[in-house]
Each structure stands twice: as structure tokens, then as C-alpha cells.
Amino acid sequence: RYEQGSFNAEFVYRQTSHEENAAAIAVITEDRKGIGRLVMPTPETPYYQVATRGESWTHPIDDLPSAKHQGSHNEGFFHTVLQLHRNLLLGREGLWGVEGKVIVAWSSLISLALSLLGFWLWWPRRRVFKARQILPQGTERKHFYVSHMSSGVVVLAAIVLLALTGASITYRSVVQGLLGIERDAAPTMDAVQLDDNWEAWLTAAQAHMPQGAQLTQIRYPRQRGKGRQNEAEAGSGKPQPKVLDFVFLAPGDWLCMATSRVSIDQTHSRLTKVSLFSERSFAEKVFSMLVPLHTGHHLNAAYTVLLLLMSLLGFVMVFSGLVSFVTKKRYLRKRFERSFVNQRGNSTPAEMPANE
């Protein structure tokens, strides 16, 4: 038995069989519309959970009826900040005909270029680098300047990582082309017909995974283009495939993140694809890591804390740079004014301008 975290402390884990999982799924998905994923019991997630677009229901393994309901956090302040990060609240309309996400992507690449230029300027001073200078050691311009350079060097790796992964998310097709990844590649296996029930699907999915692989969740297809899908079904007279992805944490998966999967067509009850992370090409492995590395989703909490720390240091870098810039501009303006006054004070009447 296993208990973890403030949320997970309410639930107790035990190993479950395919038969038990099948029965539980049938109960918790009944009359639930718009399901996005089913979280399966693991030591890290000791419960069943049904998640839709805006809600989730978490069921204890041994007491399915007593579900814990949670609403969506993707609204209000959180939603505003998320969209500000994704597209500067410009959406698809964008600005001057450019989508908001494209503006964000190019902003990150420009920031990356400026950071690399700053690193090049800092390199001759590398021998005098001191960690305590990351925070300003005084109120003079030189203190903020040194803080800007020092903190910038520390967060450079994070800037490179976040800028490249963020831009890659926006330009997925371009990155796939650069990495030589084929889009919509033809299936590499023949479909396997299965009995039309959850126990058969769970058993078949587990059988196609290596020993030690653990089912973490079942993902439903996204509800996009529903109107067009209904039109296609009505026109052809045949139901369109509804493919479920059974996601496993298998030996060889990077960063302890579940990335191996088995795809099963629920409509026709057949197994259509097996995708082991260990069997993918290096380029495909890197591509699949872009979103997790950028967002921290499904990765260890320590990685998210590290991203937060780097973000705070990035704020220090920007703040110190702005203060240093403003202070220098004020100093140069005052110096110019003093020089101008001195020149006027030392001028002879013959040297005065005619209009004076």
C-alpha cells in the first residue's frame, strides 16, 4: 500500500487486475460525456480518475461511488496568464495579420539571440564571476550591471531550452521536417481484432508491452471537428474510428515519463498500433520531449521547481538590466546638459548664435 502527497494522502494504492480495472472503467465512465483521459491506478496516482475538458472525478480504488469532484482551473486569472504566455492575448487574429503564438515564438528567439550576445560580451569577464553578484550588491549602476550579467549567465541554459522548445511547439511541422520525422506515417502492423470489451483491450495492450511496463492512463481522441465528423459518418453510412491510446511507463522511457503506447480502435474493437519509446529514432524521442521540457508536465516536481527558480533569476536579470539602462540614460542626459551649459557659459559674444 502506498500514500503520497497532500492530495494522494486521501487515497490508498493496491495492485489491480485487468478484470477489476475493466469493471471500474465501465462504472466510472457511464453517462460521462467528453472524456479526455482516464488515469489508472499506479503508486504515484493511487486512484481512478476521469477527466473531461473542464472537470475531473477521482475515485478511490476500493470505493468507486465516493468520487472527489474538481472543477477546472483554466479560467479567471489562471486562464488569462496562460493565454498571455501562449499568444499575448492576441489569439488567432493576432496583430497586423500575424498570429499571437507566432509573435511569442519570435519574441523568444530574439530573446535567445540577445542572451547569446550577452554571453559573448560576458566571456572576457568570466574569471571575475561571483555567485553572490547575481543579486545587486548596491544601488549604483555598476551593481545592477554586474547583476544583469551574472544572472544572465546562470539562466542562459534555461533560456536556450525554453526558447527553442517554445518556438518548436509553434512550428511543429518545421521541426519535424528538420529532424526528418515523417508525418502521418503508414501503420507498421496489421490491425488485430479483439473482443469488444474493456478487459480484452487492457489485456491486449499489456501483452504488447515489455515486462515491467505499467499502464498510467488511457487517452481519448480530442473532440475537434465534431460537426465535420458527423457529416462524414452520415455521408458514408459508417462510424468513424474512435482510437484510444493506452499510455504505459515502460523500460527505456526517458525522464521516468510514460511515453510508450498502444492504440486501439474502440469503434471496431481492434488494436491498430504499438509505439514503444525505446524503438523510436533519436529524432522522434527528442521531438516527443519538447512539450514536457517546456511545460514540466508529467515530469518530476523537482524539474518544475528548477524552472521556477530559473524564472525568478530571469526576472532579476531583466529588472537589473532595465535599472542599469535607465540609470545610464539619465547619467548621459545630465552629462550632456552640463556640457551644453558649460559651452554656453564659456562662449564670447562674437561666438553667440545670430538669433541670440
Side-chain angles (χ1 to χ4, degrees), residues 36-37 74 79 81-120 152-185 219 221-222 224 245 247 249 252-261 263 273 275-315 317-318:
R37 72 177 184 277
N74 295 338
H79 177 76
V81 173
L82 179 62
Q83 295 306 315
L84 182 64
H85 175 78
R86 286 178 172 176
N87 53 46
L88 298 177
L89 298 178
L90 296 175
R92 293 189 176 183
E93 292 75 17
L95 186 66
W96 301 309
V98 181
E99 285 189 62
K101 65 178 183 179
V102 174
I103 295 175
V104 170
W106 279 100
S107 297
S108 65
L109 293 176
I110 292 172
S111 299
L112 173 60
L114 291 174
S115 298
L116 293 176
L117 178 60
F119 179 78
W120 180 76
V153 170
V154 174
V155 301
L156 178 62
I159 292 175
V160 172
L161 173 66
L162 295 177
L164 291 180
T165 53
S168 298
I169 292 171
T170 299
Y171 293 104
R172 290 174 182 267
S173 58
V174 175
V175 174
Q176 284 179 312
L178 291 175
L179 295 176
I181 300 174
E182 296 184 16
R183 301 181 64 189
D184 303 323
R219 294 179 184 172
R222 291 188 178 184
R224 290 183 177 178
D245 285 331
V247 184
L249 175 60
D253 288 1
W254 286 359
L255 304 177
C256 296
M257 189 177 72
T259 45
S260 298
R261 64 186 62 193
S263 299
K273 185 178 180 181
S275 177
L276 279 172
F277 185 83
S278 59
E279 295 180 353
R280 299 176 192 173
S281 67
F282 180 76
E284 291 174 325
K285 292 178 179 178
V286 171
F287 184 78
S288 67
M289 291 289 109
L290 293 178
V291 173
L293 288 175
H294 187 79
T295 63
H297 287 174
H298 308 301
L299 295 182
N300 191 285
Y303 179 78
T304 305
V305 172
L306 179 62
L307 287 184
L308 175 60
L309 177 61
M310 291 296 103
S311 298
L312 293 175
L313 291 179
F315 173 79
M317 176 189 69
V318 174

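All values reported here derive from a predicted model rather than from experimental measurement.
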Start with the C-alpha distance between V291 and H297, add both sets of side-chain angles, then the distance that settles side-chain contact (heavy atoms from CB on, under 4.5 Å), and finish with yes or no.
CA-CA 8 Å; V291 173; H297 287 174; 5.6 Å; no
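In this structure, the side chain to side chain contact (heavy atoms under 4.5 Å, CB included) partners of L313, at least two apart in sequence or on a different chain, are I134, V154, V155, M310. Judged as a side chain to side chain contact (heavy atoms under 4.5 Å, CB included), and not counting sequence neighbours, V305 has no contacts. Taking H85 as the reference, H294 meet the ring pair (Phe, Tyr, Trp, His ring centres under 6.0 Å) condition, with sequence neighbours excluded. Shown here are the ring pair (Phe, Tyr, Trp, His ring centres under 6.0 Å) partners of F277, two or more places apart in sequence or in another chain: W254. Under the side chain to side chain donor-acceptor pair (under 3.5 Å) criterion, E279 pairs with no residue at all, not counting sequence neighbours. Listed by chain and residue number, nothing satisfies the ring pair (Phe, Tyr, Trp, His ring centres under 6.0 Å) test with F315 (two or more places apart in sequence, or in another chain). Not a single side chain to side chain donor-acceptor pair (under 3.5 Å) links E99 to another residue, sequence neighbours left out. With sequence neighbours excluded, the residues forming a side chain to side chain contact (heavy atoms under 4.5 Å, CB included) with L307 are L162, Y303, listed by chain and number. Shown here are the salt bridge (charged side-chain N to carboxylate O under 4.0 Å, His left out) partners of D253, two or more places apart in sequence or in another chain: there are none. Shown here are the side chain to side chain donor-acceptor pair (under 3.5 Å) partners of S263, two or more places apart in sequence or in another chain: D245. By the side chain to side chain contact (heavy atoms under 4.5 Å, CB included) test, L178 pairs with V174, sequence neighbours left out.
Considering all non-hydrogen atoms of both residues, S168 and L290 come closest at CB-CD1, 3.7 Å. Here the shortest heavy-atom pairing between M289 and L255 reads SD-CD1, 4.0 Å.
Within a 6.0 Å sphere centred on CZ of R280, heavy atoms belonging to other residues, nucleotides or ligands number more than 12.
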Contacts under 3.5 angstrom, residues 102-110 side chains, donor-acceptor by atom type, not counting sequence neighbours:
| residue | atom | partner | partner atom | Å |
| --- | --- | --- | --- | --- |
| W106 | NE1 | Y171 | OH | 3.0 |
| S107 | OG | I103 | O | 2.7 |
| S108 | OG | A105 | O | 2.5 |

